[in-house]
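Below: one structure, written as structure tokens.
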Amino acid sequence: MIEQIREKAKELLASGEVKVVIGYENGGLPETTRPVFITSPDEVDRLVWNKYCYANLATFLWRKEVSSLGKPAIVAKGCDVKAIVVLIQESQIKREDVVILGVTCTGVGDPPLSKCPICDVNTPREYDCLFGEEIPPKTDINKFADVDEFEKKSPEERWEFWEEQLSKCVKCYACRQVCPMCYCEICIADKNQPQWIETSSHTRGNYHWNLVRAWHLAGRCVDCLECERVCPVDIPLSLVNRRLAKSVKARFGYEPGYDTEAPPPFTDFKPQDPEEFIK
Amino acid sequence: MTEEHAAAVQPTVAHSGGNGLENIYLPQLMVIQEITQETPDVKSMKLVFKDEEMQKNFSFRTGQFGEFTVFGVGESTFNICSSQTWKDHIECCFRKVGRVTSALWEMNEGEIIGFRGPYGNWYPVEKMEGQNILFIAGGIALPPVRCMIWHALDMRDKFKDITILYGARTVADLVFKRELEEWQKRDDVTIVTTVDPGGETPDWKGKIGFVPTVLKEVSPSSDNTIALVCGPPIMIKFTLPVLLEQGFAREDILTSLENRMKCGLGKCGRCNVGKVYICKDGPIFTAAAVALLPEEY
Amino acid sequence: MSRIGVFVCHCGENIARMVDVTRVAEETAKLPGVAVSVDYRYMCSDPGQNMIKEAIREHKLDGVVVAACSPQMHEPTFRAAVVEGGLNPYLCEMANIREHCSWVHTDKELATQKAIDLVRIMVEKVGKNQELFPIKVPVTKRALVIGGGIAGIQAALDIASGGHEVVLVEREPSIGGNMARLSETFPTLDCSQCILTPRMVEVDRDPRITLYTYAEVEEVGGFVGNFKVKIRQKAKSVIADLCNGCGDCWNKCPQKKIPSEFDAGLGYRTAIYVPFPQAVPNTPVIDRERCTKFLKDKCGICEKVCTLNAIDYTMEDEIIEVEVGAIVVATGYDLFSVGKDQPNEQWTGYGEYNYDAYPDVIDGIQFERLLSASGPTQGEIRRPSDGKEPKSVVFIACVGSRDPEKGLEYCSKICCMYIAKHAMLYKHKVHDGQPYVFYMDIRAGGKNYEEFVRRAIEEDGVLYIRGRVSKIYKDGEQLVVVGADTLSDSQVQVRADLVVLATAIVPHRDAYELAQKIGFGCGSQGFFSEAHPKLRPVETNTAGIYLAGACQAPKDIPDAVAQAGAAASKVQLLFSSDELEREPIIASVNEATCVHCRNCIRVCPYSAITDKEIKDKKGNLIKMVAEVNEGLCLGCGACVAACPSKSIQLAGFNDEQVFAEITALGSG
Amino acid sequence: MTGDSKEKQNAEQVEKTRQPILKTLRVENLNDLVRKGLDLGYRVFAPVKDDRLVTFEQISSPEEAFLDGITSRTSPKSVLFPRTERIFSYKIRKDEIVVEDNADISQPTMIFGCRPCDAASFPIMDRLFQWDYQDRFWIERRKGMVIIAVSCLDCDDACFCTSVGLAPDSTEGSDILLTLVSRDQYLAEVMTEKGEDFAEKTGLFDEAGADLDKETATKAVREKLGKKFDLDKIKPWLDENYEHEFWAEVTRMCIGCGICTYVCPTCHCFDLVDEAHYDGGAKIKNWDACQFAAFTVHASGHNPRPDQISRHRQRIMHKYKYYPDNLGAVLCTGCGRCVRHCPMEVNLIRILKGISDMEKAGVGEE
Amino acid sequence: MSDETKTEDKPAAAEKEWQPRIIAFVCNWCTYAGADLAGTSRMVYEPHVRIIKLPCSGRIDVSFIIKAFEQGADGVMVSGCHPGDCHYTAGNYHARRRFGGFRDLLEFCGFDMRRVVFSWVSAAEGKKWADLVNEAVAKIRELGPFKEYQKLLAEDIWRKEETNSDRETG
């Protein structure tokens, strides 16, 4: 599969159709890969594809350090493509301004990350060319099994769990910086007029930060688990995101990352939206 | 940082000692004595230490800056825009732009703010003595130069002729308007004020044009002259070549850099440009020193 | 603001009884930023208001908090007083310590503490208030009227007589709309042509009205007072200025067998035609789909016979751009068809009446054409199938209307009246004919309406049968109408030579697209949505756009004309001043931090936020941002809550103000 | 180099040249060492394992300490330089402010079980916090602190202490360095008076025979570490190459999260903010990072370091050029945390190797 | 907020019996007017709710709710116009979606959802507003202060010392 990707990358770069190919190359440490930005055809051999290609490269589509290089092609597995779809939906990039080299993926990580067994986008839903044979999407999967499990706990247990987890947060904002959906020029956490989110990392400040971060990803998070992978203090950040994804699916029947035309759920409404919680 | 500067670097303000070393981040209380509104978004303030004792033995060197605290809001860096020769109070001038300056804008006379300092280096008055001085300032950058102007005027005999060139976008943006007139009246100072084209009012008597162009017209002689230049980066970028053309050596041109600062005493890393910490090794630099710095100010 | 004045009102006993007002004044005096804090028996009285004005001057206040009744009551009063004191009105806020506090609590200590908190909230908020000035928007004093029916005509005439220019756009070759197709009108039976044609001529003659017929609105941009409209003038192939309407062309035109829309398919017209003799303007148009010159490039007779050579086959469609300050939408209605093909997927046709297969089953407008002297049968009632005079005619009410199963629940309001009229006129023309009417309820609520229906029954012998018709089938020459008669509780079969269905009033097929194009709301059935059914019936939620006539809901001619007058007066109101003054509680975008995710653009109910390109001096694009149109924004703030980075703020309720209000309670 | 900080340099030199006193400690007495420390009133910090995460936490019993594993994820710098710390507090009344200098930093602390690279970070940072202005929060706590390090017997691909002049068993910064020389015995090198005094108070150390040496114990790990780049070539290249397309090539994938600076034992940049309620508040010192965009933005909106490439260059320049220029020490101990935990695996070793090989090989090749 | 932080010049008041503190974010056109109606009809309800007025329920942001708890509120009420009545046509529809998602998030994090009350109150439903307030205050009085969040506030490093030193300086 990797030979065809390199071939296609070389062809795209040589023809000038794209100025940079965003992909993975082998990392310095064992069992790691690193994002790479190939600009000349004879460097395509640095591109690799293996089960350590964790990073969601969609985050580089809007970063000026990469977008300044010109029209990109991007090696993207299913969950990354979902992120690209949401970026298109929110007019951060146009579909015609990116060449998507879709890669069928049977799971990253050794053992595979928790998202991979319940993945329904082994074959990306959007691509310009596809590498690896098509895998039919799984249908009998419950994406929110761990959320259902966690919800069985009592409110006290849940509060205690999160208070203990969030007290560890050191506010390095890696979860924000790695997320393809966090493209705000100045994040609300960096604004001090007014200072909604306190910059100190005492638990109160961490509560506000993590609640708002999860909230801003409601109906947008494609569950690529990057935030959880990078968190230096191992907070299960994606659990909260999945709870909101479950809520958005249950309440509004919406799943992000599948339809570039659909309006984001919280910018739309239907007269018969559920209001069971409203007195 | 020069030896002499290092020796003087211990803040002369006596801090209430905690256990052992003093807390270098602890501000002292100052009372706002007088507020003047300079322009629609710039104010200047006269400040006096709450503790008279501290006011008496407080000293600083012209050109240094301080960290001003608005309690409950935050801290901001302003140049002490009064001369070291005035012992009874210090002054600062600020534009309403951020969180702290907006809160300071709302304060009234008699209210209390915090002060830490003095920090940074100062104008090399000894080296400037016996020379002509050319002051060039743009917009809100007059205060870092004004302190030296008053210092020079208080010891007028120590300096040859003094020329002041001060420009702003519009007439309303000129700060310290009263003092501009006062300097106009003095015969031992030549002062030229200008506004950007289109910024003039019908009864504006001064020049019309950008500071660099007006500087070409004034074309002060460069021999035995020290130039002090303060202003937005765009103005510095166009004024420097004019001065060099006039024959000014880079060592004789002084400027004050405006990097973002937080601790003001070389610890927090914010103002680190190249190997230099602007808050300790500056903010006042010769054009020669600035040329050595990487383009990060 | 740093010098705030707090004024606590006793409201006689209303507040003082349950809230220790002096303590409230004392406590608030201690708040940082409060310069003066007093209490007084009646703040809203003149001495009370003067107290505020003097305090502003004396203490150089830059913020005022009045702790009294609900802002709904006296906010305007105190804001006016503050203006007289020399302060911007938006630096004055009210703390509601009466309706929300003294009137509803019984524990004086807790009520006083609540009052102190409510005042502290407002003091903190006023501390962050900025001076706001009413938004001034220039008004183009010219109106656009879409639709040339009676409503559109009336609106155009009223606006023009008010001294303003009007642009009237009509899709058909002539104005007149549905009313022109009627024979007589209830309840006075005066001939519709006689009362309509003078108005049509007036429109044509009035210099302030520019009339575009055979033209459609292509695009509407801009906002109230500054709409930019693009009108597509379809090519008539006839040069209006040269043509004097002599008629040589349409008399000689060989294409005689084109079904006339005006006669609802009962009569024919030629390829080059005027819809009806009294057409205004009296200029023919060439129907390019049916004219052999355009289809096979043969014929060209009309050009030959035209002595004034006013025919020009090379004419093209033309886009006319016009700037208007207000738009009146009067696009009228269509009739529901019982056929299989329905424009709205929730509607179903009438299989029971064999859809529209029988030629002798016609609808109300077709019967009007038969009655009309200028109609295809010159006013004689003849059966479309064989031209014989029908001796028994069955009129069926509520076909489509009041029929949830067919998808239309509403009553079309005017059918009962025109059924009575049809039956009456039929009897006047065919004295020995027998009209039957199947009805559910007779709805004749207008002036002299009930009397009119009584006359039809008593004087003209119309046989009213209370019941629904379940089936119509052909039997030999005649049609058998099978229905119930609920009054005699029996099945009824009537052999009819002709059946007239009173089908429902429905919006035009493309009503929804027009609403989207112009930018206002449309109900689920396709009728245009008024701002408020009772209090603002002729306005829409989009400022500067008004409604008149049946496009808003089924209605008769008197109502349509009344609405047209109302819409015209709203336009006069808008044009009464050179500038539009709007409440300055609007949103604004911080372009430095906006990343153009378009959340705000999507949630804005008034489509007041649009995309904006930021370019550098050389013109290449730096970034895209959102931009608020001051004319359209009504200040609901939905955009602020939708913006993740809070790059858009609502003046008067921005984040700094709300933050200050919340943190004021943190002191407790 | 300024005058008075010269004396500081000499003091450290003296400290360094002081001959280490060799002692031994039985492995089973290791836990008693912690108990003694607790009895002596020290707040003891040690690596604590929670699932996969090993961080430096305060412990109340020796069993909580976790000494295996290469090193902890966060560094012990948070003991002297906490992520969030109150500098002073104040009360706001209408026309009166009461400032209280009430940060209590008196209680002595003991760092137990850190690695030599962590221990070495403290003397390096001493220079900054004593540079002209004496930062009481660091210096007072540092005075009362005892550092008991444990030499490394294993390393991973991220470690590069040998390439910055340290070693798996280097003694810089440690009061006592324990090296496991046999199955049941540690060689204890007591480096400082504090170490000596602490060793006596605990009474757990016995004299060391002459035959004990640590080279053999740490020989394997030293060879495994080898030399990943030539430190001497770094600064000369940095002096000349502020503008070089190498920077963009190797740091374009950096996403500007703060992990490398937050886990680094020697990164010390911080922010001062006020946190207040209505009637009072406090000055809070928080960690900050040159990697954050808002670190250097001017009030006017101008940002001298506009993109991630310039910010990442600043981190390397500061550590390997500016800090040595100003304070005579490389601001890095080669602990490898920034390499280990970088989400995009920018890999500082790769960059420094790229620089040191600049003349020979091409740019940034593996 | 415990009462020791009152200004010192007041004698240290006897530890006052705790009163629930509830913040209500309401829309100006319906619920605020409904509360006015409750006033004009002299209905009686508990005095522990502080109303913050906003133009529309669509303006209410999730940070308002979190910041209210951070400021020591024991309960938060959020109320707007009934769907279809919104003065701005669609504000409450957007609000309904946001509150729906956000309450699921709070519940998931262990917030006691009886402390957060969402409601629609029209300008004519003064009675409904009074009942809602009474019901909320009763429920929160039964639940007591929001201990879990107060613990986070107690972690407020400046406030903890202040109460100790406050006691020392008396």
Side-chain angles (χ1 to χ4, degrees), chain B residues 1-3 5-7 9-11 15-29 50 67 69-76 95 97-98 100-101 110-114 119 232-233 258-260 262-263 265-277 280 294-297, chain D residues 2-5 87-88 90 92 95-97 99 101-106 128-129 131-140 143 242-243 267-274 276-281 283 285 288 290 295-300 302 304-305 310 314 317-318 321-326:
Chain B
M1 190 195 306
T2 57
E3 263 67 16
H5 175 197
V9 88
Q10 287 309 341
H15 286 269
S16 63
N19 29 31
L21 285 172
E22 59 190 77
N23 181 347
I24 51 177
Y25 304 106
L26 203 65
Q28 294 313 315
L29 302 187
K50 192 155 183 285
E67 292 289 333
T69 302
V70 176
F71 287 100
V73 178
E75 222 171 16
S76 218
R95 182 199 298 267
V97 68
V100 175
T101 45
E111 287 187 31
I112 293 170
I113 65 169
Y119 295 131
E258 291 300 317
N259 278 58
R260 179 160 192 159
K262 189 57 88 165
C263 68
L265 32 83
K267 297 281 189 258
C268 77
R270 248 176 187 53
C271 65
N272 171 226
V273 178
K275 85 184 196 73
V276 153
Y277 278 74
K280 259 176 42 173
E295 201 69 41
E296 282 186 353
Y297 44 83
Chain D
T2 53
D4 62 347
S5 79
I87 299 295
F88 60 85
Y90 46 84
I92 306 173
D95 38 29
E96 193 223 343
I97 304 270
V99 177
D101 183 4
N102 50 15
D104 68 348
I105 38 174
S106 48
L128 184 275
F129 286 106
W131 188 21
D132 299 333
Y133 297 90
Q134 305 301 305
D135 184 323
R136 171 176 121 204
F137 294 87
W138 176 275
I139 297 165
E140 294 284 327
K143 273 202 207 104
Y242 177 80
E243 298 293 347
C267 271
H268 54 266
C269 289
F270 58 86
D271 180 23
L272 290 169
V273 282
D274 274 57
H277 278 274
Y278 189 75
D279 47 8
K283 177 70 71 181
K285 179 158 94 166
D288 207 339
C290 54
F295 189 59
T296 51
V297 73
H298 289 197
S300 65
H302 165 64
R305 286 191 208 117
S310 57
Q314 164 66 16
M317 282 287 196
H318 185 220
K321 175 185 177 343
Y322 306 149
Y323 204 83
D325 284 348
N326 287 326

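Quick note on labels: first sequence line is chain A, next is B, and so on, each numbered from 1.
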Closest heavy-atom contact between [X] and [Y]?
X	Y	value
D:Pro304	B:Asn259	CG-ND2, 4.5 Å
D:Cys269	B:Gly269	SG-CA, 3.8 Å
D:Glu140	B:Leu21	OE2-N, 3.2 Å
B:Arg270	D:Thr296	O-CG2, 3.9 Å

### Message
Does the Lys NZ or Arg CZ of B:Lys280 fall within the cation-pi geometry relative to D:Trp131 - under 6.0 Å from the ring centre and within 45° of the axis?
### Response
yes
Pairs of heavy atoms under 4.5 Å with chain D: top-ranked of [options]:
options	answer
B:Leu29, B:Val273, B:Asn272	B:Asn272
B:Tyr277, B:Phe71, B:Tyr297	B:Phe71
B:Gly110, B:Gly274, B:Cys263	B:Gly274
B:Val73, B:Val100, B:Val97	B:Val73
B:Val70, B:Thr69, B:Ile112	B:Ile112

Min side-chain heavy-atom separation [X]-[Y] under 4.5 Å:
X	Y	result
D:Asp101	B:Glu22	no
B:Val276	D:Tyr322	no
D:Asp271	B:Lys262	yes
B:Leu26	D:Lys283	no

Can you say whether [X] sits under 4.5 Å from chain B via the side chain, the backbone, both, or neither, judging by heavy atoms?
X	result
D:Phe129	both
D:Glu243	neither
D:Asp288	side chain
D:Leu272	both
D:Ile97	both
D:Phe270	both

### Query
Of the backbone (N, CA, C, O) and the side chain (C-beta and beyond), which part of B:Leu265 lies under 4.5 Å from a heavy atom of chain D, both, or neither?
both
### Task
Counting only heavy atoms closer than 4.5 Å, note whether B:Glu75 contacts chain D via side chain, backbone, both or neither.
both
### Query
Of all of D:Met317, D:His268, D:Lys321, D:His318, which one pairs up most often with chain B through heavy atoms under 4.5 Å apart?
D:His318
### Query
In Å and rounded to the nearest 0.5 Å, what is the OH to CD distance from D:Tyr242 to B:Glu296?
3.0 Å
### Message
With rounding to the nearest 0.5 angstrom, report the CZ to CD1 distance, D:Arg136 to B:Ile24.
### Response
10.0 Å
### Task
Determine the interplanar angle of the D:Tyr133 and B:Tyr119 rings, folded into 0 to 90°, and report it as parallel if under 30°, tilted if 30 to 60°, perpendicular if over 60°.
perpendicular
#### Entry: Working for side-chain contact (heavy atoms from CB on, under 4.5 Å), residues D:Lys285 and B:Tyr25
CA-CA 10 Å; D:Lys285 179 158 94 166; B:Tyr25 304 106; 4.2 Å; yes
#### Entry: Counterpart residues, salt bridge (Lys or Arg N to Asp or Glu O under 4.0 Å), relative to B:Arg260 (two or more places apart)
none
### Summary
Contacts of B:Glu258 meeting salt bridge (Lys or Arg N to Asp or Glu O under 4.0 Å) (sequence neighbours excluded), chain-then-number -> none
